[in-house]
Amino acid sequence: MGMTMTQKILAAHAGLKTVVPGQLIEANIDLALANDITGPVAIRELEKAGFTKVWDNTKIALVMDHFTPNKDIKSAEQCLECRQFSAKHNIVNFFDVGQMGIEHALLPEKGLTAPGELIIGADSHTCTYGALGAFSTGVGSTDMAAGMATGKAWFRVPSAIKFNLTGTLPEYVSGKDVILYIIGKIGVDGALYKSMEFCGEGANALTMDDRFTICNMAIEAGAKNGIFPVDEKTMGYITGRVTRPVTVYEADEDAVYDEVINIDLSALRPTIACPHLPENTKPIDEVKGLEIQQSVIGSCTNGRIDDMRIAAAILKGKKVCKTVRTIIIPATQEIYLQCIREGLLEIFVEAGAIVSTPTCGPCLGGHMGILAQGERAISTTNRNFVGRMGHITSEIYLASPAVAAASAITGVITDPAEV
Amino acid sequence: MIVKGKTFKYGDNVDTDVIIPARYLNIAEPEELAKHCMEDIDTDFVQKVNLGDIIVANKNFGCGSSREHAPLVIKVCGVGCVIASSFARIFYRNAINIGMPILECDEAAKKIEADDEVQIDFETGVITNVTKNETYQALPFPAFIQGIISSGGLLKSLKERGAGC
């Protein structure tokens with residue numbers, strides 16, 4: 001029986017010729033990631049269990065991105081724990097304020113994730129790196145601790161759903177709309193325990209930033225991972241970032257899928273996920289006109305340079321509505337610098353938006369944009385659960401950067417084609 | 001191992017943000033963190049829960065974030081088991097890795113009601129609804145996962161095998 005891309009990567013890392021769905025394997029990992037929330041728990045578990053050394057100090061990444069720059073004493077102490085651990089074990093890829101960015105934008109940018117690799121991360125959006133043709137998946141702190149100690153992790157080999165993408169995206173429709181549309185179609189557990197494998201000419205036509213956004217939200221459909229085939233765009237992205245040799249895996253022609261779903265990208269509309277589940281999606285036409293008090297453009301889902309550019313193109317020469325707090329967060333220092341060089345920050349500030357240093361802050365209701373009782377936000381983040389961004393009666397509408405920028409101008413949820 | 005307790009019943013897609021909101025994730029002490037367990041879905045949960053009580057929910061329990069704090073606070077609150085039609089995959093592995101008992105059983109998830117008295121035999125996977133005088137059979141764990149559970153969690157099982165140093 002043929003194998004999917006994911007199954008091939010898992011088999012290779014488990015030292016096996018073939019694997020089948022449902023098989024439990026122990027695989028070698030190429031990188032283990034944690035942040036300032038999950039890292040301290042992993043460190044304490046590691047030490048409590050009596051492990052005194054890490055497996056490889058070059059293959060562990062600790063990124064201080066969630067409650068940073070630290071919002072209070074307790075979160076400062078969590079970063080301190082990670083800082084001390086990194087110093088003690090000489091963790092090469094410890095990213096503190098000044099070097100850090102939002103982890104899932106940062107690691108690909110730093111060349112720490114590459115095609116064919118197996119990455120685990122104590123953060124659910126670790127599935128982002130599938131955009132590079134890697135197998136990457138979110139785990140908890142204990143898995144992270146085990147990965148740091150042994151360089152291995154256990155997996156149940158997933159079956160897969162194949163998404164055959166055709167056509168090209170219309171103007172103002174992006175990777176975010178693709179993944180929201182898919183989650184709306186299959187539900188928040190539509191790919192539970194499975195891989196989402198994206199392919200077809202439409203997949204090749206997508207930019208790398210769109211692919212990162214799509215794989216990032218695979219977890220929102222319950223998936224173990226999302227993955228794209230490696231093509232010239234992938235190789236272009238890693239050039240100058242990844243210097244080690246990479247292995248490119250392709251799905252076998254006779255690979256077996258649970259389901260094949262065809263999606264014509266040219267037929268998609270800007271798509272919104274309404275409260276309180278990412279599967280509650282509607283085309284913009286059914287949601288527009290709803291008043292908002294906050295617009296957030298950023299996060300591991302949509303804080304990349306393409307996202308900043310489209311937001312700036314829409315905001316250029318315009319003012320955001322006085323009643324909409326508009327918060328823009330370039331995801332990494334490199335993206336921030338790129339925004340400065342391209343004049344995007346000036347456009348944002350002149351429009352009346354604020355620009356923050358990289359942080360996950362508002363996405364998870366941590367800091368930098370918490371919602372009060374009954375408030376409504378349009379946000380390019382990834383979850384709209386009850387209380388996710390603040391008060392339990394607040395509401396989050398998930399959307400693309402184009403929709404969030406257009407809505408910031410008008411004060412109501414707006415089709416970017418209409419501003 | 002047998003647990004027995006009264007049940008708390010929830011619906012589909014109970015997410016980790018309602019199990020333990022991110023605003024508390026700067027708290028390091030498990031006992032302090034556990035005071036906020038289920039706060040955004042069931043404000044009285046912590047006051048009402050007793051040792052051995054059982055959480056029952058429908059599909060995709062624990063979806064969302066990878067925060068291990070979610071199964072941890074449920075465990076620290078004294079919950080004896082979570083039964084659901086299905087679990088989100090990261091919650092599922094986190095629960096196993098930290099030794100928080102969970103069972104997948106669609107029939108039990110559908111038939112058990114709030115406050116039913118339920119007994120679980122983990123050896124056999126038999127769930128007995130004492131209140132309704134019914135039994136349901138949960139899916140058994142594969143041997144590999146049973147090994148992790150019987151060692152008392154992933155790190156202990158690795159230590160037993162002599163992995164790492």
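Naming convention: chains lettered A, B, ... in sequence-line order (proteins, then strands); numbering from 1 in each chain. Because the structure is predicted, anything quoted here is derived from the model rather than measured.
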What distance separates A:Glu47 CD from B:Leu155 CG, expressed to the nearest 0.5 Å? 12.0 Å
Using a cut-off of under 4.5 Å for heavy-atom pairs, which of A:Ile392, A:Leu192, A:Leu24 has the most such pairs with chain B? A:Leu192
Output yes when a side-chain donor or acceptor of A:Arg383 lies under 3.5 Å from a complementary backbone atom of B:Gly64, and no otherwise. yes
Given the rule in the side-chain contact (heavy atoms from CB on, under 4.5 Å) test, do B:Asn60 and A:Val188 qualify, once you have shown the distances and angles that lead to the verdict? CA-CA 8 Å; B:Asn60 204 25; A:Val188 291; 3.7 Å; yes
Between A:Tyr193 and B:Ala88, is there a donor-acceptor pair closer than 3.5 Å when you use the side chain of the first and the backbone of the second? no
Under 4.5 Å from any heavy atom of chain B - which part of A:Val139: both
Only pairs of heavy atoms separated by less than 4.5 Å count here; which of B:Pro71, B:Ala70, B:Gly164 has the most with chain A? B:Gly164
Is A:Ala76 in contact with chain B via its backbone, its side chain, both, or neither, using a 4.5 Å heavy-atom distance? neither
Between B:Leu158, B:Asp40, B:Leu154, B:Ile148, which shows the greatest number of heavy-atom pairs under 4.5 Å with chain A? B:Leu154
Considering residues, nucleotides and ligands other than A:Lys185, do more than 12 of their heavy atoms fall under 6.0 Å from its NZ? no
What residue, out of B:Lys59, B:Lys159, B:Arg67, has the most heavy-atom pairs lying under 4.5 Å from chain A? B:Lys159
CG of B:Asp12 to CG of A:Asp189: how many Å apart, nearest 0.5 Å? 7.5 Å
State, yes or no, whether a side-chain contact exists between B:Tyr92 and A:Arg156 at a heavy-atom distance under 4.5 Å. no
Option in B:Ser86, B:Ser65, B:Ala163 with maximal non-hydrogen atom pairs under 4.5 Å from chain A: B:Ser65
Can you tell me which of A:Lys71, A:Glu26, A:His276, A:Glu81 forms the most heavy-atom pairs within a distance under 4.5 Å of chain B? A:Glu26
Among A:Ile73, A:Thr38, A:Ile370, A:Thr52, which has the most heavy-atom pairs under 4.5 Å with chain B? A:Thr52
Is any side-chain heavy atom of B:Asn13 less than 4.5 Å from a side-chain heavy atom of A:Phe385? no
Count the heavy-atom pairs under 4.5 Å between each of A:Gln78, A:Glu77, A:Lys53, A:His66 and chain B, then report the option with the highest count. A:Gln78
Positions in residues 114-126 of chain B that reach chain A, provided some heavy atom is under 4.5 Å away: none
Solution key, residues 49-57 of chain B side-chain donor-acceptor pairs under 3.5 Å, sequence neighbours excluded:
residue, atom, partner, partner atom, Å
B:Asp53, OD1, B:Lys6, N, 3.1
B:Asp53, OD2, B:Lys6, NZ, 3.1
B:Asp53, OD2, B:Asn50, N, 2.8

Looking just at side-chain N and O atoms, do A:Thr137 and B:Arg89 make a donor-acceptor pair shorter than 3.5 Å? yes
Would you say the side chain of B:His69 lies within less than 4.5 Å of the side chain of A:Ile37, judging by non-hydrogen atoms? yes
More than 12 heavy atoms of other residues, nucleotides or ligands under 6.0 Å from CG of B:Asn133: is that the case? no
Tightest non-hydrogen contact, residues B:Ser66 and A:Ala122, listed as OG-C, 3.4 Å
Contact listing (chain B partner; residues 140-154 of chain A; heavy atom under 4.5 Å): A:Gly140, A:Ser141, A:Thr142, A:Asp143, A:Ala145, A:Ala146, A:Ala149, A:Thr150, A:Trp154
For B:Lys156, look at atom NZ and say whether over 12 heavy atoms of other residues, nucleotides or ligands are found less than 6.0 Å away. no
Those residues of residues 18-25 of chain B that come under 4.5 Å of chain A on a heavy-atom basis, listed by number, are B:Val18, B:Ala22, B:Arg23, B:Leu25
When rounded to the nearest 0.5 angstrom, what distance separates CG in B:Asn26 from SG in A:Cys79? 11.0 Å
Need one label for A:Phe67: side chain, backbone, both or neither, based on atoms under 4.5 Å from any heavy atom in chain B. side chain
Check whether A:Ile219 gets within reach of chain B through its side chain, its backbone, both or neither, counting any heavy atom under 4.5 Å. side chain
So for A:Leu277, is it side chain, backbone, both, or neither that comes closer than 4.5 Å to the heavy atoms of chain B? side chain
Below 4.5 Å from any heavy atom of chain B, which atoms of A:Asp72 appear? Answer side chain, backbone, both or neither. side chain
Tell me which of these, B:Asn97, B:Leu72, B:Asn94, has more heavy-atom pairs under 4.5 Å with chain A than the rest. B:Asn97
